[in-house]
Amino acid sequence: MTSFVQIEIEIKTDKDVLKARREAKLMAETVAFGDLDTVRLTTVVSELARNIVKYADSGVCSIAVLKGSGVTRFRCTFWDSGPGFEDIEAALRDGFSTGSTLGQGLPGVKRIADRFSARSTEKGALIEVDIVQARQTRASKRYG
Amino acid sequence: MKIPILKHGDILLTSFQDDLTDRDALNLQADLLEMIERFGTRAVLMDVTAVEVIDSYQAKMITETAAMTRLLGCEVVLSGIQPKVAMTLVELGNAMAGIRTVLNLQQGLNMLQMVVDRNEVDADLGEETPSDAVDDQGDVQAEFRNESSSSAQGGSAGAAKKPPPYG
């Protein structure tokens with residue numbers, strides 16, 4: 001049996017970042033996502049929600065989980081109405097930063113996530129990440 | 001939510017929680033520095049055992065708090081990073097550089113107690129000339145020099161694994 005749950009959270013302040021993390025953690029616990037995968041999920045949610053607070057006036061974070069026979073997949077979408085990324089390729093390169101952190105946001109998220117897509121227009125940015133419950137070792141993905 | 005700062009002898013101890021707002025973090029930094037100044041503290045232990053998520057923003061907040069205490073002359077140590085958090089941090093590309101780390105609270109207290117004790121020895125030795133110190137307390141001077149060179153190694157790789165000299 002397949003189940004699907006989705007929630008949406010408006011992101012404006014640091015308190016909303018905490019809220020998004022809490023919701024993600026709760027959903028992960030509900031579907032027995034596992035300790036390490038839960039940390040991967042909440043860290044990614046925290047990182048991307050924080051970007052909305054830092055670089056845009058406001059945005060929306062949606063967290064969806066699809067639990068099927070065999071695999072549990074979280075799909076998180078982050079949309080903001082900010083200025084968008086001028087050069088999205090550059091933003092994905094390690095070390096790039098316009099802010100005061102060391103540009104470890106997006107490239108790090110891309111490494112952790114099982115699927116990552118980012119789109120940017122002058123109307124805003126849309127980032128979509130998947131976190132899948134790992135059933136085999138992820139070493140091959142990291143070092144292969 | 002106010003983060004408590006505990007005084008454990010000459011060591012200040014603070015325990016980060018998960019639901020820390022930006023305001024809480026700023027208040028913690030201010031409170032910590034104020035207490036260091038008030039008590040003349042030389043050693044600070046920051047514990048993150050209860051922290052389940054550390055993203056790059058929080059990692060920066062932690063390392064910056066540590067840097068502030070160092071500017072006030074403190075030795076600062078971070079304890080209790082959970083294994084799953086450590087794995088995620090490294091994958092995120094953030095190895096919390098610039099801060100000494102230990103496994104848990106007890107190791108942190110042991111390490112910082114050595115710092116506090118060494119500072120007391122410093123104060124005693126300061127009243128003698130170097131040659132007097134070598135003649136009368138050759139052993140203690142040698143121990144002190146060993147400790148100095150090991151603490152000069154930076155980062156978490158330099159976390160001392162030697163037994164305490166006075167233990």
Side-chain angles (χ1 to χ4, degrees), chain A residues 12-26 28-29 33-55 92-97 99-114 131 134 137-139 141-143, chain B residues 1-3 15-30 47-68 71 78-99 101 103-104 154-156:
Chain A
K12 260 186 134 116
T13 69
D14 57 315
K15 291 202 172 78
D16 298 326
V17 175
L18 293 178
K19 184 173 180 205
R21 274 176 20 189
R22 270 198 302 273
E23 296 293 335
K25 183 155 188 258
L26 227 84
E29 276 165 8
F33 203 48
D35 275 359
L36 176 57
D37 290 328
T38 300
V39 172
R40 289 167 57 217
L41 172 72
T42 50
T43 304
V44 159
V45 166
S46 189
E47 194 78 35
L48 295 176
R50 172 64 68 174
N51 277 354
I52 294 177
V53 173
K54 275 200 311 205
Y55 300 115
L92 291 173
R93 237 179 280 132
D94 268 307
F96 173 89
S97 174
S100 51
T101 55
L102 289 172
Q104 289 159 352
L106 286 192
V109 165
K110 195 167 182 233
R111 266 194 295 271
I112 293 181
D114 294 293
I131 308 278
T137 164
R138 297 177 70 247
K141 184 199 174 198
R142 198 150 66 224
Y143 304 115
Chain B
M1 186 187 71
K2 193 167 157 61
I3 302 278
S15 189
F16 287 82
Q17 309 296 316
D18 248 338
D19 279 353
L20 207 62
T21 66
D22 292 357
R23 176 117 312 259
D24 292 334
L26 287 174
N27 289 340
L28 172 66
Q29 287 172 346
D47 180 72
V48 291
T49 304
V51 175
E52 302 261 311
V53 187
I54 301 183
D55 62 10
S56 60
Y57 185 91
Q58 279 164 281
K60 181 163 173 269
M61 189 274 287
I62 291 169
T63 50
E64 279 188 350
T65 306
M68 291 175 193
L71 283 176
L78 181 71
S79 69
I81 298 180
Q82 295 185 27
K84 58 197 182 191
V85 173
M87 288 170 77
T88 308
L89 267 175
V90 169
E91 215 172 345
L92 202 58
N94 190 321
M96 301 274 273
I99 188 169
T101 53
L103 180 64
N104 55 40
S156 52

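Letters go in sequence order (proteins before strands), and every chain restarts at 1.
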> At what distance, to the nearest 0.5 angstrom, does CG of B:N94 lie from CD of A:E47?
Replying inline: 8.5 Å
> Just wondering, do A:R21 and B:D18 contact through their side chains at under 4.5 Å, heavy atoms?
Replying inline: yes
> Tell me, side chain or backbone of B:L89 under 4.5 Å from chain A's heavy atoms, or both, or neither?
Replying inline: neither
> Quick one: are B:E52 and A:T42 in side-chain contact, heavy atoms under 4.5 Å?
Replying inline: no
> How about B:K84: does its NZ atom have over 12 heavy atoms from other parts shown lying under 6.0 Å from it?
Replying inline: yes
> Where the side chain of A:D14 meets the backbone of B:D22, is there a donor-acceptor pair that is under 3.5 Å apart?
Replying inline: yes
> Between A:L18 and chain B, which part of the residue has a heavy atom less than 4.5 Å away: side chain, backbone, both or neither?
Replying inline: side chain
>> Are A:R22 and B:D19 packed together at the side-chain level, in the sense that at least one heavy-atom pair is separated by less than 4.5 angstrom?
In response: yes
> What is the minimum heavy-atom distance between B:Q58 and A:S46, and which atoms define it?
Replying inline: OE1-OG, 4.2 Å
> What residue among A:N51, A:L48, A:T43 forms side chain to side chain contact (heavy atoms under 4.5 Å, CB included) with B:D55?
Replying inline: A:T43
>> Looking at chain B, which one of A:L36, A:V44, A:V17 has the largest number of heavy-atom pairs inside 4.5 Å, strictly under?
In response: A:L36
